[in-house]
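What follows is a short report on a single structure.
Reminder, nothing fancy here: chain letters follow the sequence lines and each chain counts from 1.
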Protein chains: 2
Amino acid sequence: MALEHAILVSLLEKPGSGYELARRFERSIGYFWNATHQQIYRVLKRMESDGWVDVRDVPQQARPDKKEYSVAAVGRAALSGWLHEPIEPESVRHDLAVKIRGAAFDDPAALIGEVERHYQAHTDRLAHYLAGERRDFAGPGAPGAPDPGRELQHAVLRGGIAYERMMLAWLDDVRATLHRLAAGR
Amino acid sequence: MALEHAILVSLLEKPGSGYELARRFERSIGYFWNATHQQIYRVLKRMESDGWVDVRDVPQQARPDKKEYSVAAVGRAALSGWLHEPIEPESVRHDLAVKIRGAAFDDPAALIGEVERHYQAHTDRLAHYLAGERRDFAGPGAPGAPDPGRELQHAVLRGGIAYERMMLAWLDDVRATLHRLAAGR
DNA sequence: CTTGTCTATGCAACGAGTTGCATAGAAGGA
DNA sequence: TCCTTCTATGCAACTCGTTGCATAGACAAG
C-alpha cells in the first residue's frame, strides 16, 4: 500500500489538514493518485498513532478549527525506506478497454458517444495540465542550483501531459475503428 | 465494479474455467485488467447464483476436473446494460509518480536504478505486445466483412502499444532529469 | 525418492476502498 | 427566508481485493 506514502510526500511538500489533503488529491495529486476524505482521515489517524506525523491544532475564525499535520522523523524514515525498495508493475484497470472488447458482442456504434465523452474529458485534463505547466514551470527556473522538488514535479507533470496526448490519439483511433465497423455492416 | 463485466467479455470471447480465466487475466487481458484466482472464483460463484453464467462439469484425465463457465442470457443482458451506461474518469494510481516526487526529499540518484528496471519491464511488455500483433493481426484480415471482435481487440492492443511507447519515452525523460539533478549537486 | 511445478478449486482472515450519513457554523444566491 | 455550498471531521456498514493456506493427482528434474 502506498496511500500513506503519497500522504507523506504531500505533507512534505506542504503540511496541511486532512481536508486540505483531500482537496489536493482531488486536484493536482489526484491525477496520479486518488483517495476520498474518509480514507485520508483514517490513514492519518493510524500514521499519527505510529508516530509518522505530528499534529497541531489550528483554531480558525468563521470556519471549523483544523488539525494541521506535518511529517515526523519516523515518517521521513518510513518514506525513505519505501523509496529504496523496488515496486512492481502497477496493476492497471481500463474500464474503457473492457467496454471496447465487449462492444463486439453488442452494438459497436453505441460506444461512439462514450468514446467522444472520454475524448472531451482528456482534452480538458490536458488543457489543465498545460495551464499548470505554463503557470509553474514557464521561466528557466531560479538562478543557481536547480530545485530538485520543482524539477521532479515538472517531470511528473510531463508524464501526465504525455499520457493525455497518447490517450487522445488512441481514442481518435478507436473512434475511427468504431465508425468503420458501423459503416461496414 | 467491473470485474464481473471483464469476466463476461472474456467468457463471451471464449468459455472457460475459473483457472483458465485467471491465466488469461495474467496474460493478455491482465495488461488492462488484473485479478487473482480467488477473486475470480468468488465472483464466478456470485454470477452463477445470479444466473449470469451457466456451468458445465468437464471431467478430465490426468488432471483435476474443471467447471466450464459460459455466459447466460441474463449475463448478456447485464453486460449490454453496462455497455450502455457511461463510466467515469478511471482513478489512476502511479506508485512511481509518488516515488519521483518523494525523491526530492531523499536521494534522487537512488531512484535511477528503479527507473531503469521499469524501463526494462516496459520494453519487455512492448515486445510482447508487438509479437502478439504480428501473430494475430499481421494479414489484411479475412476477406469480406470485417470481424468486429478482431478489429476491436486490435484497437485495444494498439492502445497497449501506444501506452508502452509513451511510458518508455517518459521514463527516459525521468532518467535524464534524475541524472541532471545528481550531477548538479 | 524427494522436491518442485502445473492443473484445479476453495476457505478464512485481513486490509483497502466506497458509500451513506451526521454535525455545525458561515456565506451567498433564489 | 430557505436552500445550497464550503470548511472540517468523523462513524458505521459494506464491498472489493490480497495473502496465506489446504487439497490432490500427474509429471518432470535432480
Self-check item: Residue whose nearest DNA chain C nucleotide is more 5′ - A:Leu3 or B:Tyr69
Solution: B:Tyr69
Exercise. Tell me whether the guanidinium CZ or amine NZ of A:Arg175 lies under 6.0 angstrom from the six-membered ring centre of A:Tyr119 and within 45° of its axis.
Key: yes
Exercise. Specify the residue among A:Arg93 and B:Gln61 whose closest nucleotide of DNA chain D lies further upstream toward the 5′ end.
Key: A:Arg93
Exercise. Please report the C-alpha distance between A:Tyr129 and A:Arg134 in whole Å, then the side-chain angles of each, then the deciding distance to 0.1 Å, and finally whether the side-chain contact (heavy atoms from CB on, under 4.5 Å) criterion is met.
Key: CA-CA 9 Å; A:Tyr129 285 163; A:Arg134 270 193 305 275; over 6 Å; no
Quiz item: Quick one, which residues of residues 38-57 of chain A touch DNA chain D with a heavy atom under 4.0 Å?
Solution: A:Gln38, A:Tyr41, A:Lys45
Quiz item: What pairs of residues pass the ring-ring contact (aromatic ring centres under 6.0 Å, His included) test when at least one of them lies in residues 36-60 of chain A, not counting sequence neighbours?
Solution: A:His37-A:Tyr41
Quiz item: More than 12 non-hydrogen atoms from neighbouring residues, nucleotides or ligands closer than 6.0 Å to NE2 on A:His128, yes or no?
Solution: no
Quiz item: Which heavy-atom pair separates A:Val9 from B:Phe105 by the least distance, and what is that distance?
Solution: O-CE1, 4.3 Å
Self-check item: Terminal contacting nucleotides, 5' and 3', DNA chain D versus chain B (heavy atom, 4.0 Å)
Solution: D:dC16 to D:dA26
Self-check item: Pair A:Lys67 + A:Glu20: basic N to acidic O under 4.0 Å
Solution: no
Quiz prompt | B:Leu96 to A:Ile87 - nearest heavy-atom pair and separation | solution = N-CD1, 3.8 Å
Exercise. Find which nucleotide of DNA chain C each of A:Asn34 and B:Glu68 is nearest to by heavy atoms, and output the residue with the more 5' nucleotide.
Key: B:Glu68
Quiz item: Just how far is it from atom CZ of A:Arg46 to atom CZ of A:Arg42, taken to the nearest 0.5 Å?
Solution: 8.5 Å
